[in-house]
Amino acid sequence: MSSDKKTVHYNTAKFNKSAAKLHQCPADIGAEVAFAGRSNAGKSSAINTLTNNNKLARTSKTPGRTQLINFFDLNIEGVRIVDLPGYGYAKVPVAMKQHWQQHLEEYLQKRQCLQGVVLVMDIRHPMKEFDQMMVDWCLSTEMPLHVLLTKSDKLKKGPAQSTMLKIRKELTAVLGDLVTVQTFSALKKQNVDQLRQRLDLWLLPEDDFEEEFEGE
Ligand code: GDP
């Protein structure tokens with residue numbers, strides 16, 4: 001464990017385990033943030049950019065792992081990022097989709113240490129059905145949500161900004177202070193610090209949970 005307990009170093013992310021069901025997840029203590037998104041939205045690229053590790057999210061894409069919840073440990077004990085299964089693989093049968101949606105829902109609703117969800121959307125195709133479902137889940141569980149409008153390099157600055165403002169306005173009307181929205185580009189490494197700052201707020205709450213572990 002790092003001696004620097006107060007700073008999350010995202011480049012220390014290390015694969016911990018994959019889980020198909022809630023009971024297979026690491027112990028429900030500490031703090032974690034989960035990344036969700038439709039397949040091809042740019043979730044793996046965002047995680048790789050955040051962690052400065054181009055191989056990291058490939059772990060979640062290896063055969064057999066794409067439908068699992070993948071956990072990555074960071075330098076602080078009990079602090080993790082979680083790669084949720086990408087949604088919407090065309091070739092997956094409906095029954096299997098429903099099965100895995102159920103596990104996803106169970107994770108989102110029951111996981112105590114989950115501090116927030118990063119919902120990754122392609123800025124050119126925001127707020128599709130899956131995204132709306134995630135927004136509804138966040139609303140019903142009062143889960144903080146950070147929307148990452150990625151591939152913003154695909155749009156000119158003006159349209160990218162106006163899309164971001166429009167989505168922010170729409171979602172704030174529903175979720176209020178629970179939601180934040182930003183543009184992002186993995187390709188150009190834009191606004192990575194903005195993402196890190198949001199995650200820091202979730203993963204390093206003011207009252208130090210390590211004291212809870214130690215029982216004062
Ligand atoms: P995932 O299925 O959500 O994990 O998506 P990936 O991260 O694998 O990205 C899907 C495709 O979008 C790949 O071809 C990436 O190279 C591309 N992509 C991801 N992020 C960006 C970005 O910020 N800018 C551009 N131009 N392409 C991106």
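In this text, all values refer to a predicted model and were calculated from it rather than measured experimentally. In each ligand, atom 1 is the first atom listed, and ligand 1 is the first ligand listed.
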Counting heavy atoms only, which part of Thr150 comes closer than 4.0 Å to ligand 1: side chain, backbone, both or neither? side chain

Which segment of Asp153 sits under 4.0 Å of ligand 1 when only heavy atoms are counted: side chain

Looking only at side-chain N and O atoms, does Thr183 offer a donor or acceptor that is under 3.5 Å from a partner on Asn191? yes

Would you say Ser39 and ligand 1 have an N/O pair spaced under 3.5 Å apart? no

Would you check if there is a donor-acceptor pair between the side chains of Asp136 and Gln132 at a distance under 3.5 Å? yes

For Ala41, is the nearest heavy atom under 4.0 Å from an atom of ligand 1? yes

Heavy atoms only: give me the nearest Leu22-Tyr107 pair and the separation to one decimal. CD1-CA, 3.6 Å

Check Arg38 against ligand 1 and report side chain, backbone, both or neither, counting heavy atoms closer than 4.0 Å. backbone

Out of curiosity, does Val147 fall in the hydrophobic cluster containing Val174 (side-chain heavy atoms, cut-off under 4.5 Å, transitive links)? yes

Are any of the N/O atoms in Lys151 less than 3.5 Å from those in ligand 1? yes

What about Ala46: any of its N or O atoms under 3.5 Å from an N or O on ligand 1? no

Give the atom numbers and elements of ligand 1 that come within less than 4.0 Å of a heavy atom of Ser185. 23 (O)

Residues Leu204, Thr7; criterion side chain to side chain contact (heavy atoms under 4.5 Å, CB included); working and verdict: CA-CA 8 Å; Leu204 291 172; Thr7 311; 5.8 Å; no

For the 3.5 Å polar cut-off, considering only N or O atoms, please tell me whether Phe184 and ligand 1 meet it. no

Could you go step by step and tell me if Glu106 and Arg111 meet the salt bridge (Lys or Arg N to Asp or Glu O under 4.0 Å) rule? CA-CA 8 Å; Glu106 200 186 2; Arg111 189 80 173 157; over 6 Å; no

Does a donor on one side chain sit under 3.5 Å from an acceptor on the other, for Asn48 and Asn54? no

Check contact between Gly37 and ligand 1, using heavy atoms of the residue and a distance below 4.0 angstrom. no

